[in-house]
*Asks:* 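Encoded as structure tokens, here's the structure I'll be asking about.
Bear in mind the structure is a predicted one, so any value in this text is a computation, not a measurement. Whatever order the structure lists ligands and atoms in, that order sets their numbers, starting from 1.
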Amino acid sequence: MKINYVGNQGDFTMENPEMLSYLYFPIANESGVMSSVAPDLAGDSKMSQNSFLMPPVSCENLHNDKSSRNVWCKINGKTLWSLTGRSAAQQAELFTEDKEPTYLEAGFMHHKITRTSEKNGVKAALSSVSPISGEKLELLKVELTNISEEEMTMQVVTAIPLYARSADNIRDHRHVTALLHRITTNETGILVKPTMTFDERGHKRNEINYGVFGGNENETPIGYYPIVEDFIGEGGNLENPRALYKNPLAPYAKGEGIDGYEALGGVVFAEKKVAAGETISYVIAMGYGDSAEELTAAANKFLSVKAFDKAWDETIAYWQEKVNVSYHTGNKDFDQWMKWVSFQPMLRRIYGCSFLPHHDYGKGGRGWRDLWQDCLALLIMNPDGVRQMLIDNFGGVRLDGTNATIIGSKQGEFIADRNGIARVWMDHGVWPYLTTELYINQTGDLDILLEENTYFKDLLICRGEDRDTDWDISQGEKQKDAAGNVYSGTLLEHLLIQNLSSFYDVGDHNEIRLRGADWNDALDMAAQRGESVAFTTMYADNMDHIAGLLAAFEASGKKTVKIAKEMQQLLVSGADLYDDVAKKREVLMNYCETCRHTLSGEKVEISVSELAANLKGKADWMREHIRKTEWVQTAEGDGFFNGYYDNSGKAVEGDINGGVRMMLTSQVFTIMSKTATNEQVAQIVKSADKYLYDASVGGYRLNTDFHEVKMDLGRMFGFAYGHKENGAVFCHMATMFGNALYQRGFAKEAYKVFNTLFEHCNDVEKSRIYPGVPEYVDAKGRGVYHYLTGAASWLLVTVITQMFGVRGQMGDLAFVPQLLPEQFDANGEAGLSMIFADRNVKIVMKNAEKKAPADYKVSAITIDGAAYDFAGTPVIKRANIEALSKDAQHTIEVTLA
Ligand code: G1P
């Protein structure tokens with residue numbers, strides 16, 4: 001089995017994809033339709049948790065359920081054949097030589113599966129797409145060809161289950177909620193409008209219409225099977241429906257109404273005579289509407305092959321254009337695979353983290369981390385609007401440095417947890433800075449730091465340790481000052497609050513407390529005494545970098561900034577204080593107390609240089625403290641950092657219980673934050689190779705096997721080893737490992753991280769997924785939770801800004817490539833096409849002698865053939881890029897010698 005890429009936009013083909021289980025493909029649009037499509041067209045479609053068109057599927061349903069977007073053909077009035085392979089007879093042939101060959105052709109948001117039955121003399125192609133033109137529809141084109149020598153008759157019937165309600169009802173009142181169904185048939189299809197909805201929102205009048213429609217240029221359906229019960233018949237099922245045995249078929253007529261049953265999108269077309277070699281085609285539209293009329297009209301627009309083909313072409317072009325970055329290396333598969341990685345952040349923006357088959361949790365929202373991660377990819381591919389998005393996102397920060405965790409559907413909307421459940425992830429304060437820094441570097445827009453936004457306010461105060469009983473929801477979710485006015489501060493102030501408050505929020509070992517968890521959501525059982533050294537290092541790094549930005553501010557003539565008066569308390573300094581855990585906690589709690597309900601609203605002006613020095617001092621102290629206290633040397637002489645303390649107050653990593661315990665996250669962030677010295681990085685890599693590396697699962701595992709259900713650290717230890725957060729190759733952290741290594745100039749080691757991961761993912765026999773990066777690779781090598789993962793954003797950004805080294809530097813375009821010799825093509829070239837400063841640039845790196853990164857440097861740059869004089873550091877000034885026209889692609893050649 002193999003993925004064959006076609007063209008240069010990530011399109012691919014694959015033979016017999018249904019011979020891999022758990023495969024699914026995303027089909028969606030920006031009007032809210034979110035579908036998953038398996039090779040046999042199993043899967044589902046929904047607009048939200050409470051509006052599923054088809055029954056919700058989790059990964060096991062893909063093979064267990066008998067339902068799919070099934071299409072049947074009755075051949076010569078007797079043989080029943082499923083175009084999706086979903087018949088009892090075809091299922092029985094799967095592992096025999098009678099298996100029907102299938103062939104997949106797919107690309108961004110389009111999926112076409114072809115199936116041939118020599119025995120029956122037919123070939124079928126089923127093409128799925130969700131149009132970009134605004135309709136809430138998924139479309140399916142059905143093409144059936146007579147490949148025999150004889151004329152035959154064909155009668156096509158669809159059988160798409162119409163669940164039409166909330167996912168919650170799959171177990172909660174599935175039967176009773178079917179009684180709410182009001183099912184009608186009209187000229188082109190079947191509609192379901194439940195009278196009410198029963199879910200956690202209470203009993204409400206339902207407003208959504210669901211439907212399945214069919215037709216072509218010349219035909220409308222001749223009848224319908226609108227309810228499951230009649231279609232399957234007594235004793236039958238969706239893989240062997242009894243109704244289709246009847247001759248002639250006896251469907252319901254148009255204009256009928258049936259109430260109170262499980263509905264079915266059973267659209268029946270007239271029996272047709274089909275000559276040898278002839279093809280008949282129909283289009284099926286399934287979707288959602290505010291009224292029966294609106295839905296029917298939307299569907300009717302597409303019920304012709306011509307309309308479908310137009311939508312198909314437009315949709316393909318639309319998504320290909322959106323993924324406006326292309327890669328060129330010596331490995332064409334890698335270039336195409338990266339196209340999928342680049343597309344994945346767009347999928348996550350549409351689906352959130354909930355709506356593909358593995359992602360059977362949550363209700364569609366996104367988390368705080370995702371907000372900031374998604375921005376990374378947007379900054380590269382679609383920077384318009386990111387500035388405002390960043391500003392708006394800062395509105396989720398609380399005055400105590402924590403943030404809202406329930407994120408509304410509108411940009412900048414954050415919602416109070418009405419139950420006041422304290423959920424503080426200690427890493428949350430880290431990510432906004434990282435994204436803001438990338439933004440500033442890509443654009444040079446340092447002034448964004450002076451933009452203002454409000455703060456989030458709810459019941460939780462003092463980093464989740466207390467409740468503000470003076471607050472209730474009627475006062476609104478924005479922080480107010482003593483005079484009752486909504487308080488605003490600069491983004492710089494928000495960043496300072498996030499990082500400074502964390503600095504003081506330490507546990508017994510003077511590392512920042514783990515609280516609810518850090519990046520690793522499954523380290524969630526050490527809220528009292530747990531500490532995350534891993535992320536402490538990143539707070540240090542952030543403070544150091546903020547100090548750097550302040551220096552740039554100063555250089556631009558800005559000598560002072562204004563911050564909330566209360567924050568001065570967080571700017572105390574001195575080794576005595578820093579060394580003293582109790583004193584630090586006191587500083588933090590005093591600060592939190594002064595703004596427990598409101599803050600004064602007064603601002604003070606502070607010196608930029610003093611602020612920078614203050615932050616730098618804190619950063620240096622943290623790094624030094626960690627270097628001194630957290631380096632682990634094992635009995636076997638291996639070295640790495642301890643990154644955690646558990647709820648018993650014990651260090652988590654090192655020689656423990658007769659084995660070596662090592663976690664990747666701890667190493668990633670000590671490396672990235674420059675806490676680890678160069679020698680330590682080399683030692684860490686050696687240890688990671690010894691304890692964590694396993695090429696058979698795609699590279700570096702998240703941790704060694706602790707052989708203990710560690711109830712004093714987190715649920716991850718309850719997971720079987722090698723799965724998810726317990727020791728899988730977790731692509732997000734593996735990617736960050738590669739990123740950290742590149743940042744420290746360990747190009748070969750970083751490349752190994754990416755190449756092992758890529759080779760594993762791209763080998764479908766091993767990873768058993770379509771192109772792209774999954775959330776993790778399980779113990780047997782299968783990629784799981786495909787598509788919706790933060791790994792994709794980070795991979796994209798790392799490949800561009802570190803591997804290719806094409807990155808913004810205060811708005812200018814810098815070239816710091818770390819590509820290895822084998823990454824250049826036969827001519828010694830590698831490159832990228834992307835948007836920078838609103839200009840379309842094609843960057844070609846020339847390494848004629850195929851030198852290693854340590855041996856090459858940028859010796860010449862040309863723009864559209866003209867030499868560019870860059871004096872020293874290889875950077876093109878933004879003004880020179882902005883002088884280029886917007887309507888053409890510009891070629892920048894970078895010679896490495
Ligand atoms: C998922 C979550 C992410 C979390 C990670 C580790 O990762 O979405 O927030 O940090 O698990 O627990 P993802 O695959 O999205 O990168």
*Asks:* Purely on distance, is any nitrogen or oxygen of G790 under 3.5 Å from one on ligand 1?
*Replies:* yes
*Asks:* What part of C731, side chain from CB on, backbone N/CA/C/O, both or neither, has a heavy atom under 4.0 Å from ligand 1?
*Replies:* neither
*Asks:* Among protein heavy atoms, which sits nearest to atom 10 (O) of ligand 1, and what does the distance come to when rounded to 0.1 Å?
*Replies:* W519 O, 2.6 Å
*Asks:* Which of the numbered atoms in ligand 1 are under 4.0 angstrom from any heavy atom belonging to N520?
*Replies:* 12 (O)
*Asks:* Can you tell which of H732, H359, R348, R369 gets a heavy atom nearest to atom 15 (O) of ligand 1?
*Replies:* R348
*Asks:* Where is the nearest protein heavy atom to atom 11 (O) of ligand 1: which residue, which atom, and how far?
*Replies:* F730 CZ, 3.4 Å
*Asks:* Hey, are D705 and R661 close enough for a salt bridge, meaning a charged N less than 4.0 Å from a carboxylate O?
*Replies:* no
*Asks:* Mark up the atoms of ligand 1 that fall under 4.0 Å of a heavy atom belonging to E775, in ascending order.
*Replies:* 1 (C), 7 (O), 13 (P), 14 (O)
*Asks:* Examine ligand 1 and decide if any of its atoms is less than 4.0 Å from a heavy atom belonging to A791.
*Replies:* yes
*Asks:* Taking non-hydrogen atoms only, is Y785 closer than 4.0 angstrom to ligand 1 via side chain, backbone, both or neither?
*Replies:* neither
*Asks:* Atoms of ligand 1 less than 4.0 Å from E725 heavy atoms?
*Replies:* 6 (C), 11 (O), 12 (O)
*Asks:* Any ion pair linking K674 and D544 (charged N to carboxylate O, less than 4.0 Å)?
*Replies:* no
*Asks:* Identify whether the distance between the nearest side-chain nitrogen and carboxylate oxygen of E759 and K766 falls below 4.0 Å.
*Replies:* no
*Asks:* Before accepting this row, confirm whether a basic side-chain N of the pair R529/D646 lies closer than 4.0 Å to the acidic partner's carboxylate O.
*Replies:* no
*Asks:* Could you tell me whether D524 and R515 have a side-chain N and a carboxylate O separated by less than 4.0 Å?
*Replies:* no
*Asks:* Looking at R463 and D505, does any basic side-chain N land under 4.0 Å from a carboxylate oxygen?
*Replies:* yes
